[in-house]
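This one's a predicted model, so the numbers in the text were calculated from it and none came from an experiment.
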Amino acid sequence: MYLLEVLSGPLDGKTWTFERDITIGRDDEVADACIALDRYVSRRHARLAIDGEHLVLTDLESRNGTKLGGRLVQGTAELELGVPFTVGRTVLRVTQA
């Protein structure tokens, strides 16, 4: 089980637990982790997928991009636990729940 946590942004401190793929976005109709208060987050912004022992971060062709390590994610990127990433103006991280 994993924990997705907002480190900074309009929902600072908000968390979601997940044990399967999770979509991050602004619209709660299509996003499991809804960040409606950040207008720079796309309706369907990014996805976190569990691939065995690894997490894979995918930008879903968002308007403002997904950043990992200060760089835009082009397609997919492996995400290590505890490493912050940014969607819109919201900084998130994933840890073990």
Side-chain angles (χ1 to χ4, degrees):
M1 173 106 42
Y2 296 99
L3 182 74
L4 175 62
E5 175 184 15
V6 177
L7 295 178
S8 71
L11 295 177
D12 191 14
K14 172 81 175 151
T15 61
W16 298 268
T17 56
F18 66 102
E19 48 191 355
R20 59 176 177 77
D21 296 0
I22 186 172
T23 302
I24 302 164
R26 192 179 67 235
D27 185 347
D28 66 355
E29 296 276 325
V30 294
D32 305 303
C34 182
I35 306 172
L37 297 176
D38 185 341
R39 64 187 179 121
Y40 294 93
V41 172
S42 296
R43 187 169 174 260
R44 284 187 48 207
H45 198 104
R47 175 178 298 119
L48 285 167
I50 301 168
D51 183 15
E53 304 256 334
H54 304 282
L55 288 172
V56 178
L57 176 63
T58 304
D59 181 76
L60 300 176
E61 299 179 10
S62 65
R63 185 176 43 187
N64 294 305
T66 301
K67 293 182 181 174
L68 176 62
R71 295 185 176 166
L72 284 173
V73 173
Q74 303 292 330
T76 64
E78 188 171 323
L79 179 67
E80 293 183 33
L81 290 178
V83 175
F85 64 97
T86 305
V87 297
R89 293 193 173 167
T90 300
V91 179
L92 304 151
R93 76 171 169 193
V94 177
T95 57
Q96 290 280 169

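Smallest separation of non-hydrogen atoms from R63 and S42: N-OG, 3.0 Å. The minimum heavy-atom distance between S62 and G65, with the atom names listed, is OG-N, 3.0 Å.
With respect to V94, the side chain to side chain contact (heavy atoms under 4.5 Å, CB included) criterion is satisfied by exactly one of V83, L81, L57, I22: L81.
In this view, D27 and R43 satisfy the side chain to side chain donor-acceptor pair (under 3.5 Å) rule, not counting sequence neighbours. Every residue meeting the side-chain contact (heavy atoms from CB on, under 4.5 Å) condition with R93, not counting sequence neighbours, appears here in chain and number order: E5, L7, T95. For T76, the side-chain contact (heavy atoms from CB on, under 4.5 Å) criterion is met by V56, T58, not counting sequence neighbours. Scored by the side chain to side chain donor-acceptor pair (under 3.5 Å) test, T86 finds no partners at all (sequence neighbours excluded). Not counting sequence neighbours, N64 has no partner by the side chain to side chain donor-acceptor pair (under 3.5 Å) test.
Connectivity analysis of hydrophobic side chains (ILVMFWY, heavy atoms under 4.5 Å, direct or indirect) links L60 to nothing; its cluster partners are none.
Annotation: ring-ring contact (aromatic ring centres under 6.0 Å, His included) contacts involving residues 47-97, sequence neighbours excluded, are absent. Applying the salt bridge (Lys or Arg N to Asp or Glu O under 4.0 Å) test to every pair with at least one member in residues 48-59, sequence neighbours left out, gives no pairs at all. Annotation: salt bridge (Lys or Arg N to Asp or Glu O under 4.0 Å) contacts involving residues 67-78, sequence neighbours excluded, are absent. Listed by first then second residue, pairs satisfying salt bridge (Lys or Arg N to Asp or Glu O under 4.0 Å) with a partner in residues 6-15 number zero, not counting sequence neighbours. For residues 6-41, the set of pairs meeting the ring-ring contact (aromatic ring centres under 6.0 Å, His included) definition, not counting sequence neighbours, comprises Y2-F18. A salt bridge (Lys or Arg N to Asp or Glu O under 4.0 Å) check over residues 28-41, counting only residues at least two apart or in different chains, returns nothing.
Formation of a donor-acceptor pair under 3.5 Å by the H45 side chain with backbone atoms of E61 is not found in this model. Put simply, the side chain of Q96 gets close to the backbone of M1: a donor and an acceptor are under 3.5 Å apart.
Criterion: ILVMFWY side-chain heavy atoms under 4.5 Å apart, direct or through other members. Under it, L11 and I24 are part of a common hydrophobic cluster. Under the 4.5 Å side-chain heavy-atom criterion for Ile, Leu, Val, Met, Phe, Trp and Tyr, L68 and L72 are members of distinct hydrophobic clusters.
Two residues are said to be in side-chain contact when any heavy atoms from C-beta on lie closer than 4.5 Å; L55 and I50 meet this criterion.
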